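Worksheet for the structure shown next.
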Amino acid sequence: MKKTSTRLLAIMLAVTLLSGLMAGCDVLGKEKTFEMFIAMPGTELNEGNKAQEKIAEITGVKVKETWLTGQTAEEAIGVMVAAKDYPDFIEASDGYQIMVDAGALIAIDEHWDKYPNIKNYLTEEQWNMCRKEDGHIYAIPQFGIVNDRDVSPIHNDEAWWIQTRVLKWAGYPEVTTLDDYFKLIEDYAAANPTHVDGTDIIPYTILCEDWRYYCLENPPLFLAGSPNDGSVIVDPETRQVIDYNTTDIAKDYFKKLNEEYHKGMIDPEFFSQSYDEYIAKISTGRVLGFVDQFWNWGYTAQDAIKAAGLTDCTYVPLGIVAEPGIEERYHNEPVLDVSGGLSITTSCKDIDGAMKFISDLLTEEVLTLRFWGIEGVDYLVDDDGLFYRTEEMRANAIDANYKADNLCPYAYFPQYEGMNLDGKNAWRPDNQPSEFFEDLLPEVKECLEAYGAKTYVEMLNPSKPNEPWFPMWSFSNDLTTDTPGGMAWAKMTETKHEWLPRVVMADDFEAEWEEYLEVYYRADIDAFLAEMQAEVDRRIAVAEGN
Amino acid sequence: MTDKDKEKDNRTPEEKKTAEELAVEMKVASIKRRQLAYSSDSSSGNPEKTKEELAARLSWKEKRKLKAERLAEPKVELNRRTLRRQKELLLITIPFVLYGFIFYYLPLGGWIMAFQDYEPKDGLLGSEFVGLDVFRYIFGEESFLYAFRNTLAMGVINLVLSFVFAIGFALLLNEVRLRGPKKFAQTVSYLPHFLSWIIVVGIVRDMLSMDHGIVNDLLVRFDILDKPMNFFSKPDLFWWIVGFSNVWKETGWNSIIYLAAITAINPEMYEAAALDGAGRFGKMWHVTLPGIKPTIFILLMINIGNVLNVGFEIQYLLTNAMIKKVSETIDIWVLYWGIGQGDFSVGTAAGIFKSVVSIILIYLANSAAKATGEERLF
């Protein structure tokens, strides 16, 4: 008996050891596997994902993506830098500058000669914007590179969102100012205090968690009619930077929030809710309105509301301004984000293989696979070469499980937005006008029509050409505490993050605001503005070819 | 109990007795020796003094010395013979010494970073030395001083609450006479220890939620509040929320060790106390508590050394920007600056400071214990 069990144990041990060995080496050989870390929250693909397998057949490469969980991007990247152990590919997000400083990235421009797809991905001027002080390029931007023209019907950026049922109830009124917006919400909330599920409605909520507190702090910039420069307003006439935090518009905005808070219109838990709680809250359809970037909530909460059948509870964007006469600029042309991108690290042993893979991903065949899926399964092609989907395919495309098993967008690898390289179709189904209209809820359609709009984008003013310095956030995102301006920026952020919720909740608004300003001016605001101004001037000079 | 066991039991008291007698004899001998020394030194030497009187004359320092002599282990000389004799034992310890060296002492080399302007690309050897600049910087940084204050405050709150509740709970549980309910209560109470903080934080947030959290609901129903209160907007409450979350999670677990100590108390003591007229509380006060006093002291000392390790998860998960000033601990500060901002020097310096304070605290606690003649660590 004892002998048998000992033997069994020995066999088990041997098997464990062997399987450990097998896992260690890629026995299959032919297919290369790269590791990638993306310093953003995301969903991992399942083993054997169909589109991923197909891409691997074409390119000979499979990439294992891992995402940020429970940390900030800087923390995750910081840990990697401390250990000097990186994945092959990385999208470092806020940790990009840390990686560059640590010498952890490969200079892309030293390896791109064999890969015209990469070299011609951006223009010479655009690549120059990506260069770091040493003249090298360490990251390939993935977003805002438009092929041909932008046909997106979705406003992917910031706006004042409101449920269509609120607008419908009020008879689709004109809503332009802050006062209009809150008046509408107050009236609706007074008349309809209970949501369909029996809970109280939440008239207005504000996300304040970590870096996402922009939902609270940056509306003064939009209310003043500026585009989303992020950290400052740049006066288009004088080309001078202005601090939007202390303008009269900012004060009025926070005063309004303070009033609404005391009227019970603002979610009393707004400043302590986590991002997940916020998304969960919106997903129930209880929240009437809020300010946010569409990409931050739309692809999760809007889909959840639709899936729950609350067809009158989805949101449309409004371009609210401080007072009538100010022209809003919520929608802008896609911008090239040069503050980071896809990088290859020094830990990558096969740089040529990695470059070839990036290059292969930019071919028409693979781009279509990435964003449309597999022909005949995820989309169909009509006689004119236009892609379309059946009802079932559309439902599949928003089903999280189906996506993890079948679709593989490799979203943080370089891509072309706007049109597919075939010149006929949009780069992605939700950008395809025919697909968009098929999928539109009747409630939303009615609402859009009431405002003379066909798409979400048309709810807002058409975009103007981007100014040469736009967007300034691509500079302030990379500020570190090594410079006085960066130090001031960190202090300003910290002060605002702590004080603005207090200002909103204060019993005596004026006194609290004064106190806030006093703390705010302890940071060296001028040093920050000077660095921003220098960057504006530099970008103008680059654009004018000096 | 078998007969054999009974025989054993019969034998042991006798053996014990002889050992005790021996000890008493030794003590008396040493006192006599001292007495001789006294009488030869002082002019008023009285050789007829009883040993009790003599013992009373000894100062507490001498008493302590006596106790130490009694407790001291026999000295073993380090020579080739002992080495050879303990060859196997020494061989067995080698892996552990190596383990300790590699994982506890080798990483201390990284402390160099605190005295450098460390750049990851230059490495430990290539970075520039800046003396104590980094320490000067962190002590000038307001947020670090706040973090230190918060860490210390929450540490002390946790220490006091966890002691009071764990000991109280152990005492009360010990009074439960029915085996079943006692075991049940004990099991239920220590289960939360196995939950991860992230789950506990979820529970705490739900309980304190304004949107039908149980605490707010109760407070409103009993008219203590007119409308739900947001517990996370009050900086004064945060330390106590953390303290009581700790109590909820760890009380049952912490009390296990006290319960074990209580079972070691000789039942005869209780019988004697009962004869002298002590009730339940009297027994608790005069028998149980003194019985577990050594355990309490040892745990107190270990925990004082740990005061600055108030944790990281609960503060990190429960905080928001408005109460950051009271919630940020040194560990979070180190994470933010060291890892988040990529300033390893500042993070390391703060970590060193924390270790130094912990060592000082544990040393103070130990000296205090030594001074009062209680159990101690070293």
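Remember, predicted model here, so these are calculated numbers, not experimental data.
Counting heavy-atom pairs under 4.5 Å between each of D122(B), I198(B), N230(B) and chain A puts N230(B) at the top. For the options A102(A), G95(A), A76(A), G103(A), heavy-atom pairs under 4.5 Å to chain B are most numerous at A102(A). No other option in D343(B), N320(B), I339(B) has as many heavy-atom pairs under 4.5 Å with chain A as I339(B). Each of P501(A), S274(A), P268(A) has some count of heavy-atom pairs under 4.5 Å with chain B, and the biggest count is that of P268(A).
Side chain to side chain, D267(A) and Y278(A) fail the donor-acceptor criterion of an N or O pair below 3.5 Å. For T205(A) and Q273(A), the side-chain atoms include at least one donor-acceptor pair closer than 3.5 Å. With hydrogens and angles left out, the side-chain atoms of T199(A) and D197(A) include a donor and acceptor closer than 3.5 Å. Side-chain N/O atoms of N306(B) and N309(B) include a donor and acceptor closer than 3.5 Å. If you check the side chains of D478(A) and Y96(A), you find no donor sitting under 3.5 Å from an acceptor.
Proximity to chain B (any heavy atom under 4.5 Å) is shown, for T480(A), by neither the backbone nor the side chain. There is no contact between Q97(A) and chain B, counting heavy-atom distances below 4.5 Å. The part of F344(B) that comes within reach of chain A is its side chain, from C-beta onward, which places non-hydrogen atoms under 4.5 angstrom from that chain. Neither the backbone nor the side chain of E209(A) comes within contact range of chain B; no heavy atom of the residue lies under 4.5 Å from a heavy atom of that chain. Looking at T319(B), neither its backbone nor its side chain comes within 4.5 Å of chain A, counting heavy atoms on both sides.
Taking the side chain as every heavy atom from C-beta outward, L288(A) and I202(A) never approach each other to under 4.5 Å.
Ring pair F148(B)/F144(B) is parallel by interplanar angle, where below 30° counts as parallel and above 60° as perpendicular.
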